[in-house]
Novice: 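Pasting a structure here, questions to come.
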Amino acid sequence: MPTCQNCNRKWSWKQTFKKSLTMYTVTGMSCPYCDKPQYITIGTSIKTTMFTFAAMSVMTFGSLLFGFSAVIAAISISFVPLFVLLYPFWLELSNKENF
């Protein structure tokens with residue numbers, strides 16, 4: 001779970017998930033404890049991009065190799081809840097905007 005870089009308090013999964021649903025790229029996510037803005041790190045952005053690329057690759061190559069099937073569709077759709085469950089665990093925060 002992410003830790004606020006200002007107050008060093010660890011966010012819960014629920015808090016992280018709720019904060020992740022907001023448009024935080026411009027204004028950052030405010031800490032639920034100290035209300036200071038927190039930004040995602042470049043490492044988190046890379047992990048998210050890699051996960052998305054892996055999901056798209058499975059869909060594309062699975063469909064090319066085996067044709068579109070219910071199995072490929074089920075595997076592809078299973079990436080969505082997997083991402084939702086895992087994202088709060090690999091989210092890292094920073095005091096500074098990295099982009």
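This structure is a prediction, so every number in the text was calculated from the model and none was measured.
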Novice: With the side chain counted from C-beta on, respond yes when K36 and N95 share a heavy-atom pair under 4.5 Å apart, and no when they do not.
Specialist: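 Contact flag for K36/N95 side chains = no.
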Novice: Would you tell me whether S45 and T48 have side-chain atoms, one donor and one acceptor, within less than 3.5 Å of each other?
Specialist: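 Not at all, the side chains of S45 and T48 share no donor-acceptor pair under 3.5 Å.
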Novice: Examine Y87 together with F83 and report whether their ring centres are nearer than 6.0 Å.
Specialist: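 Yes, ring centres under 6.0 Å apart.
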Novice: Spell out, as yes or no, whether a donor-acceptor pair under 3.5 Å connects the side chain of T44 to the backbone of E92.
Specialist: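 Checked: pair present.
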Novice: To the nearest 0.5 Å, what is the distance between CH2 on W11 and NZ on K18?
Specialist: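 With rounding to 0.5 Å, CH2 (W11) is 12.0 Å from NZ (K18).
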Novice: Check A55 against F79 and note the closest heavy-atom contact, atom names and distance.
Specialist: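 Nearest pair, atom of A55 first, then F79: CB-CG, 3.6 Å.
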Novice: Grouping I, L, V, M, F, W and Y whenever their side-chain heavy atoms are under 4.5 Å apart, do I42 and M50 come out in a common cluster?
Specialist: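 Yes.
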Novice: Answer yes or no: is there a side-chain heavy-atom contact under 4.5 Å between V84 and F17?
Specialist: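 With C-beta onward as the side chain, the pair touches.
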Novice: When you measure from the side chain of K19 to the backbone of C31, do you find a donor-acceptor pair of N or O atoms at a distance under 3.5 Å?
Specialist: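 No, because the side chain of K19 does not come within donor-acceptor range (under 3.5 Å) of the backbone of C31.
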Novice: Same hydrophobic cluster for I77 and L85, using side-chain heavy-atom links shorter than 4.5 Å among ILVMFWY?
Specialist: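 The answer is no; the residues belong to distinct hydrophobic clusters.
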Novice: Please round to the nearest 0.5 Å and tell me the distance separating atom OH of Y39 and atom CD of Q5.
Specialist: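 The distance works out to 13.0 Å.
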Novice: Check the angle between the aromatic planes of F51 and W90 and answer parallel, tilted or perpendicular using the 30° and 60° thresholds.
Specialist: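 Answer is tilted, since the angle falls between 30° and 60°.
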Novice: Looking only at non-hydrogen atoms, find the nearest pair between Q38 and T3 and report the distance.
Specialist: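 Looking at all heavy atoms of both residues, the closest pair is OE1-O, 4.4 Å.
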Novice: Check this for me: M1, atom CE, are more than 12 non-hydrogen atoms of other residues, nucleotides or ligands nearer than 6.0 Å?
Specialist: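 Count over threshold, so yes.
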Novice: Just checking, is any N or O donor in the side chain of Y33 or Q15 under 3.5 Å from an acceptor N or O on the other one?
Specialist: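 Result is yes, a qualifying pair exists.
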Novice: State, to 0.1 Å, how close T16 and L91 come at their nearest heavy-atom pair, and which atoms those are.
Specialist: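 For T16 and L91, the tightest heavy-atom pair comes out as CG2-CD2, 3.4 Å.
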Novice: Supply the atom-to-atom distance N8 CG to C34 SG, rounded to the nearest 0.5 angstrom.
Specialist: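 With rounding to 0.5 Å, CG (N8) is 9.5 Å from SG (C34).
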